[in-house]
Amino acid sequence: MSNQLAKSFIAIKCVSKIMIPLVSWLIKSGVGYKDFHLTLKRIFFEQALAESKKSNYKITDSSLSLLAGLNRRDIIHFRENKPSDSDHEALSISSRVITLWVQKKWDKKIAFNGTPISFESLSREISQDTHPRTVLLDLERLGLVSEVGDTIILHSESFTPSNDSTKCQSLLSQSVNDHLQSGLINIFKRPNTFLEQTLNADELTPESIEELRVLSTQLWKELSHKLLDKAIECSEKDKGKLNAYYRFSLGIHQYNEFQYLEEKERDRTLK
């Protein structure tokens, strides 16, 4: 295997692991692959363009097509059309059903089928390929509708899952982005530029996990208070300076999971 193929294989394997919680996030929010793939295509285009500019490559549709793995038609489309908000708002079949229901100003309680005004007819207007019962189950999972007898009850007039918190998701996405960016710069550009470390321990009991959780929370509170005081001091000192356009970010996470015996044995073997 060539060095480039080996690097590509490692990247695919590692990014696939990162994608597991991201895809789970999308599915929990009612977004499937068909709803997200256009956004993903644009991301590949934009990153290929950014990489070409950094490397001083001659930028052509063909070079971008090769680098991003997209056909030239997609490259031309993204080059000629600026991203809009709609590009980043994946409208799944389920979300369009909710939107259409509200637009029609139907009652919040409708029959599943059998009448001109029904959930089945609503779903069929959006898609002939997905069974209305499948759409209903997805909306029930998201807490947006419920079924009582033969009646479907609408709980929300917008496609916002009941467990959604826009602010929390926004903060999480920024935190994960910052973490990945710091690690990737350390790997591919300038080693040890950013603080990016993780402490791991295994073969622990639930009682030890709780001890470590309490201690980590306590230490983070102490550290964050000191850092916040310093950050406020620096902000006041730098206010109005011509080069005061940098952003500082420091995060911490804690996670624990049950590890099966065969996983532990495999880890020992890898070590």
Side-chain angles (χ1 to χ4, degrees), residues 1-96 129 159 166-198 243 245-251 253:
M1 182 182 291
S2 70
N3 185 49
Q4 183 56 47
L5 283 175
K7 286 171 60 178
S8 298
F9 175 78
I10 292 170
I12 290 173
K13 184 177 181 181
C14 292
V15 172
S16 294
K17 188 169 186 177
I18 296 170
M19 287 300 298
I20 292 172
L22 297 181
V23 171
S24 176
W25 182 354
L26 290 170
I27 290 175
K28 282 181 171 65
S29 301
V31 180
Y33 173 75
K34 288 183 179 179
D35 311 309
F36 190 68
H37 82 285
L38 288 178
T39 298
L40 193 58
K41 277 187 176 183
R42 181 173 286 280
I43 292 171
F44 267 92
F45 164 76
E46 290 174 347
Q47 292 307 304
L49 182 60
E51 190 65 27
S52 296
K53 289 178 178 178
K54 289 177 186 175
S55 305
N56 293 319
Y57 292 152
K58 182 180 179 181
I59 302 174
T60 65
D61 291 344
S62 294
S63 66
L64 290 174
S65 175
L66 181 64
L67 196 57
L70 300 173
N71 61 51
R72 291 186 63 188
R73 183 170 55 188
D74 286 329
I75 296 296
I76 293 170
H77 170 75
F78 292 133
R79 178 168 50 77
E80 293 180 349
N81 296 274
K82 299 287 185 181
S84 64
D85 291 340
S86 60
D87 289 337
H88 301 286
E89 294 176 1
L91 284 175
S92 64
I93 293 173
S94 300
S95 69
R96 292 198 293 270
D129 299 325
F159 189 74
T166 302
K167 184 65 175 176
C168 287
Q169 291 190 71
S170 178
L171 290 171
L172 174 61
S173 64
Q174 184 64 64
S175 176
V176 173
N177 175 76
D178 289 349
H179 188 174
L180 284 172
Q181 294 284 15
S182 65
L184 291 172
I185 288 173
N186 286 346
I187 293 170
F188 293 110
K189 294 184 179 180
R190 300 182 298 276
N192 302 317
T193 298
F194 296 109
L195 172 64
E196 195 276 316
Q197 298 180 1
T198 302
N243 62 343
Y245 47 79
Y246 285 88
R247 179 176 66 87
F248 176 84
S249 172
L250 179 71
H253 73 273

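Along the sequence shown, the residues carry numbers beginning at 1. Computed from a prediction, not measured in an experiment: that's the story for all the values here.
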Item to check | salt bridge (Lys or Arg N to Asp or Glu O under 4.0 Å) pairs, two or more places apart, involving residues 10-26 | outcome: none
Checklist entry - What residues form a ring-ring contact (aromatic ring centres under 6.0 Å, His included) with Y33, not counting sequence neighbours? => result H37
Item to check | Set of residues satisfying ring-ring contact (aromatic ring centres under 6.0 Å, His included) with respect to F45, sequence neighbours excluded | outcome: F78
Would you give the length of the straight line joining atom [atom1] of [X] to atom [atom2] of [Y], rounded to the nearest 0.5 angstrom?
X: K41; Y: H77; atom1: NZ; atom2: NE2; result: 9.0 Å
X: I75; Y: L66; atom1: CD1; atom2: CG; result: 10.0 Å
X: K189; Y: F194; atom1: NZ; atom2: CZ; result: 9.5 Å
X: D35; Y: L26; atom1: CG; atom2: CG; result: 9.0 Å

Checklist outcome for this item: Across all chains, not counting sequence neighbours, the side-chain hydrogen bond (donor to acceptor under 3.5 Å, both in side chains) partners of Q181 are none
Item to check | Derivation of the side-chain contact (heavy atoms from CB on, under 4.5 Å) call for Q169 and S29 | outcome: CA-CA 11 Å; Q169 291 190 71; S29 301; 4.3 Å; yes
Qualifying residues under side chain to side chain contact (heavy atoms under 4.5 Å, CB included), relative to [X], sequence neighbours excluded:
X: S55; value: E51, Y57
X: D178; value: Q174, R247, S249
X: T193; value: I185, N186, R190
X: K34; value: none

Checklist outcome for this item: Residue pairs meeting side chain to side chain donor-acceptor pair (under 3.5 Å), one or both in residues 62-72, sequence neighbours left out, come to T60-S63, N71-D74
Next on the checklist: Would you say that L22 contacts M19 through its side chain, given a criterion of any heavy-atom pair below 4.5 Å between the two side chains?
Outcome noted: yes
Checklist entry - So which heavy atom on L64 is nearest to which on S52, and how close? => result CD2-OG, 3.8 Å
Next on the checklist: Using the salt bridge (Lys or Arg N to Asp or Glu O under 4.0 Å) criterion, which residues pair with R79? Sequence neighbours excluded.
Outcome noted: D61
Checklist entry - With W25, which of V31, L172, I20 fulfils side chain to side chain contact (heavy atoms under 4.5 Å, CB included)? => result L172
